[in-house]
Amino acid sequence: MKNINERDLPVQWMNWISKREIMTRITDIDAFEKMSGKLQKQKDPNRKSVCVCGGSACIATGSLGLIDLFEKEFKAHGIEDEVDILVTGCHGFCEKGPLVVIRPEGIFYPMVKKEDVPGIVKETVIDGKVIESLLYVDPMTNEKIVYEHDVPFYKKQKRLVLGQNGLIDPMVITDYITVGGYKAFASVLASMTSDEVIDLIIDSGLKGRGGGGFPTGIKWKLCKNAKGKIKNIVCNADEGDPGAYMDRSILEGNPHSVIEGMLIGGFAITASVGYIYVRTEYPLAIERLKKAIEQAKEFGLIGDDILGTGFSFDIEIREGSGAFVCGEETSLMHSIEGLSPEPSQRPPFPVESGLWGNPTNINNVETWAVVPLIISNGSKYFSDIGTENSKGTKIFSLVGKINNSGLVEVPMGISLGEIINGIGGGIPDGKSFKAVQTGGPSGGCIPASLMDIPVDYEKLAEVGSIMGSGGMVVMDEDTCVIDIAKYFLSFTNDESCGKCASCRDGSKAMLDILTRISEGHGKPKDIDLLVELGEAVKDASQCGLGQTLSNPVLSTIKYFRDEYNAHIVDKKCPAHVCKALVTYSINSEECIGCGVCLKNCSVGAITGSLKAAHSIDTGKCTKCGVCREVCKFNAVIVE
Amino acid sequence: MIKKTEKTKSGSVLVVGGGIAGIQSSLDLAESGFKVYLLEETPAIGGTMAQLDKTFPTNDCAMCVISPKLVGAGRHLNIDLITNSELVSVSGEAGNFMVKVKKNPRYIDSEKCTGCGACVEACPVSNIIQCVEEPYVRLSDGDLQKVRFILDKYIGVKGNLMPILQQINKTFNYLPSDVLRYVSIELGVGLSEIYNIASFYNSFSLTPRGRHTIKVCMGTTCYVKGGERLLDKVKDEFGIDNGETSEDMRFTIESVACLGCCGLAPAIMVNDEVYGKVKVSNIMKILEKYK
Ligand SMILES: Cc1cc2nc3c(=O)[nH]c(=O)nc-3n(C[C@H](O)[C@H](O)[C@H](O)COP(=O)(O)O)c2cc1C
Ligand code: FES
């Protein structure tokens, strides 16, 4: 992100350069621990700071502009030496961005505008008063909330991995060390053997967060014991699932945690090189990762003979180029090798023969980020959280038709309802909740009636969905499940690499049937045909993409058969979404004749004179929905 | 001058190249009573003119001029079309030549084919890249320097093809075919392999792109919240389809799987800047500042 970085520089660099004096290469473990202790002691818990979110979503809503303003105001009041500005990664509550938190009190201001800055500096920072009008209002109770930790969205979460995101500047390695970073790695180097590390991870019960849910410790063990001199590890940051962005937030907000995890993994597996495969759609994440790696190298935490222990490890970044299959592990490796990124047959599994034929261990970003936490707090700390077979916490991106959308980190086993109503704050505009889609294009839709099920790997699979990488898209009564199934299938159809006929043609055939249904030409037998096709594609495809692509269709048929029937038999779309099955009209009682819809209609389908009710010519109407969006009086009806 | 040796005159003519000139010559010759063989390298006659909209300087409709001739050449009893074929050798003398023609396989019985096009629609493989090999690489000195700069960084590195293609895509804003051919020669990697990879990824383009790229997010959340309508709006407004570039080279429109800004759905990204909570009614305003 070119322009962002240029604007980032003043603040970021000043921070970095001032802290840089102590940045010399550290050559032994004692020196590291001394420095880490010193940094932690130096930190004054009562020092005032203004923390502005610099995550992608907050940048899009203008948070960078606020930083300059805060600087200016501080100078104007002459307090630039007493108060810090902290540009952090994503706090998770992106919907309400740009977020500003005043520490040490933790006063929380969402959706801060430029005009608000002078007031915040004068009243809150200097006088310590809270500005009522800027506070967050809970949509469920209409109460004003002052402190960050009291906001219901945060209150019910258990933020182990995301917790540090709001506390540190991702571009400053010493910030990470100050909150205890790299300590886990140093203790591994100082006092553990690689088998001990692996056993600790196995004991913790950590399972992969990338979708497959394979036990991480066991994967490491397999890779360590595999034959081969050179071993590689890979961090899978090709977050392709539409609707999921937790990996992005970790990389942008706390890149060092991922690097530390990889260093520990590299030590345990006795690997010498680690690759981070990031998708190019995340330019900011790539930028921050590069900086983080550079800093860790300068510190001597990456490179040859790390901290004088003889362990050498290097990390390289590889960019993806926008192909969903590249998230699949064999395909990802082909992409790194520069070959055509088609998945290949497993076995041999990557842990036996991966990158350039060497044993390779692939883990997801979130998996790597959890590793340091387990090492520093012990396996029991982690395995105490969660259900019998799913341990720890998991980050979900809670998005869609929901009041508080954003990233939520919750203990495994929490109920779906608790996430949606307790943390998400329910459905906006008084609409009713219909279903939640988990796991992206490989997952399924879970209906409102199953809201009490605990969220873990096994339960989700039981109801026909998957945990996946943690996407959670909430749908209300205005969402048509056939439209959603069609959406996912056209995505997978587009992203199928074309190697297996079952996946390539099967997805096309299913998509054709769904399109037919949504256009009102469905036949009664179509539902059974879809099920049959779906099962066949599942059985006959080679990689995870094909094996799971029918899940969205099968699960919607399972829970919403009525809606399919409505489309096929009655030729009606109950949610009024499928264009061919709805008509637009204007309610003459509500319409006051303001003419806004007429102006915005691009095909001239609306007629009427000022101050008199308008009408829509259904012959010309393309059902684009603009009129409904611009009407302030809800006079446009869709039936 | 052509020496006339009456005895050996064969009475038939081979025209090489089925463009407008070749077609017209064939028709004229055929009308004058010669048997004509019209040889063409590509699978169909017509050449460049069939791809043009208008002709210079009269602004005549190109298709209206050429199509009667295409039909004429196809139907004329004195003309035999030999398409998808190459001339291998010529021997003999004026008036009586022997030529050797290599006919490439079509895997279709051209006697029976009516050209209805149904097979094209039914074929599940749709992204075959037809790249006609050209014998040499045409690069300006400036471009060559840029490519060399990229290649020098990566030559000898394991798995270097992806980063090289990414850099070229960034530098030129697309992957020019001449550059790819050059890369193929320099790296010793087959051109087909390079095209295989270049056509696999969404962010590579084989055609020139506009000054600004509008990426409309089609992630689940943006879709549920009306992202498709944004896409329709920009497509309508510039009269181009997804993946195409406006005529003035200002915008290229692309849909992307997810920008990872789901909290701000529906979102678009213009170049590297993200805009959230975009509406059909204000999207054009956002685009105004990109000239
Ligand atoms: C089609 C497909 C797409 C995938 N996409 C991703 C992805 O975007 N990110 C990811 O971490 N894993 C993805 N995976 C899962 C990986 O193949 C692999 O299981 C995972 O990276 C292993 O890491 P873990 O053990 O930490 O989960 C995908 C799998 C398939 C079949
Ligand atoms: S980007 Fe600021 S809260 Fe997510």
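Chain naming here is simple, since letters A, B, ... match the order of the sequence lines and numbering starts at 1 in each. All values below come from the heavy atoms of this structure, side chains included, with hydrogens, waters and symmetry mates left out.
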Engineer: Is it true that A/F491 and A/F324 have ring centroids separated by less than 6.0 Å?
Structural biologist: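 Yes, the ring of A/F491 comes within the 6.0 Å limit of the ring of A/F324, centre to centre.
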Engineer: Taking atom types as modelled, find out whether A/E252 and A/S56 have a side-chain donor-acceptor pair closer than 3.5 angstrom.
Structural biologist: yes
Engineer: Quick check: does any side chain N or O of A/D476 sit under 3.5 Å from a backbone N or O of A/D478, one acting as donor and the other as acceptor?
Structural biologist: yes
Engineer: Quick check on A/E337 against chain B: is it the side chain, the backbone, both or neither that has a heavy atom closer than 4.5 Å?
Structural biologist: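 For A/E337, the backbone is the part near chain B, not the side chain.
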Engineer: Non-hydrogen atoms of chain B under 4.5 Å away: do they reach the side chain of A/D483, the backbone, both or neither?
Structural biologist: both
Engineer: Is it the side chain or the backbone of A/E495 that comes within 4.5 Å of chain B heavy atoms, both, or neither?
Structural biologist: side chain
Engineer: Under 3.5 Å, sequence neighbours excluded: what are the donor-acceptor pairs made by side chains of residues 234-244 of chain B?
Structural biologist:
from   : atom 1 : to     : atom 2 : distance (Å)
B/N242 : OD1    : B/S255 : N      : 3.1
B/N242 : ND2    : B/S255 : OG     : 3.0
B/E244 : OE1    : B/D241 : N      : 2.9

Engineer: Is it true that B/T207 and B/Y174 share a donor-acceptor pair across their side chains at a distance under 3.5 Å?
Structural biologist: no
Engineer: According to salt bridge (Lys or Arg N to Asp or Glu O under 4.0 Å), who are the partners of B/E86, at least two apart in sequence or on a separate chain?
Structural biologist: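 For B/E86, no residue satisfies salt bridge (Lys or Arg N to Asp or Glu O under 4.0 Å) once neighbours in sequence are set aside.
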Engineer: Once rounded to the nearest 0.5 Å, what's the spacing between atom CG of B/N202 and atom OG of A/S321?
Structural biologist: 9.0 Å
Engineer: Are the side chain of A/E319 and the backbone of B/Q166 linked by a donor-acceptor contact shorter than 3.5 Å?
Structural biologist: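 Not a single qualifying donor-acceptor pair exists.
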Engineer: At a 4.5 Å cut-off on heavy atoms, which part of A/I402 comes close to chain B: side chain, backbone, both, or neither?
Structural biologist: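 Neither part, no heavy atoms under 4.5 Å.
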Engineer: Please classify the contact between A/K579 and chain B as side chain, backbone, both or neither, with a heavy-atom cut-off of under 4.5 Å.
Structural biologist: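 Contact with chain B involves the side chain of A/K579 alone.
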Engineer: Output the option from A/T61, A/L339, A/T280, A/I484 having the highest count of non-hydrogen pairs under 4.5 Å with chain B.
Structural biologist: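 So the answer, after comparing A/T61, A/L339, A/T280, A/I484, is A/L339.
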Engineer: Given that the side chain runs from C-beta out, which part of A/T479 has a heavy atom under 4.5 Å from chain B: side chain, backbone, both or neither?
Structural biologist: side chain
Engineer: Considering only heavy atoms, which portion of A/S405 lies under 4.5 Å from any heavy atom of chain B: side chain, backbone, both, or neither?
Structural biologist: side chain
Engineer: If we define contacts as heavy-atom pairs under 4.5 Å, which of A/G240, A/S335, A/C480 has the most with chain B?
Structural biologist: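 It is A/S335.
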Engineer: If you count heavy-atom pairs within less than 4.5 Å of chain A, which of B/M218, B/E228, B/E193 leads?
Structural biologist: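 Among B/M218, B/E228, B/E193, the one with the most close pairs to chain A is B/M218.
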Engineer: So, is the end of the A/R248 side chain (NZ or CZ) under 6.0 Å from the ring centre of A/Y245 and within 45° of the ring's axis?
Structural biologist: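 No; the conditions do not both hold, so A/R248 does not lie above the ring face of A/Y245.
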Engineer: Which residue pairs satisfy the ring-ring contact (aromatic ring centres under 6.0 Å, His included) criterion with at least one member in residues 252-278 of chain B, sequence neighbours excluded?
Structural biologist: none
Engineer: Heavy-atom cut-off 4.5 Å, strictly under: side chain, backbone, both or neither for A/A501 against chain B?
Structural biologist: neither
Engineer: Please check if the side chain of A/N600 supplies one atom and the backbone of A/V596 the other of a donor-acceptor pair under 3.5 Å.
Structural biologist: yes
Engineer: Checking heavy atoms, do the side chain of B/K233, its backbone, both or neither come under 4.5 Å from chain A?
Structural biologist: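 Interface part for B/K233: neither.
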Engineer: Sort by residue number and list every member of residues 140-156 of chain B having a non-hydrogen atom under 4.5 Å from chain A.
Structural biologist: none
Engineer: Give, as side chain, backbone, both or neither, the part of A/V577 having an atom under 4.5 angstrom from any heavy atom of chain B.
Structural biologist: neither
Engineer: For the interface with chain B, which of A/S397, A/C497, A/P341 has the highest count of heavy-atom pairs at distances below 4.5 Å?
Structural biologist: A/P341
Engineer: Rounded to the nearest 0.5 Å, how far apart are CG of A/D241 and OG of A/S442?
Structural biologist: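 If I round to the nearest 0.5 Å, the distance is 6.0 Å.
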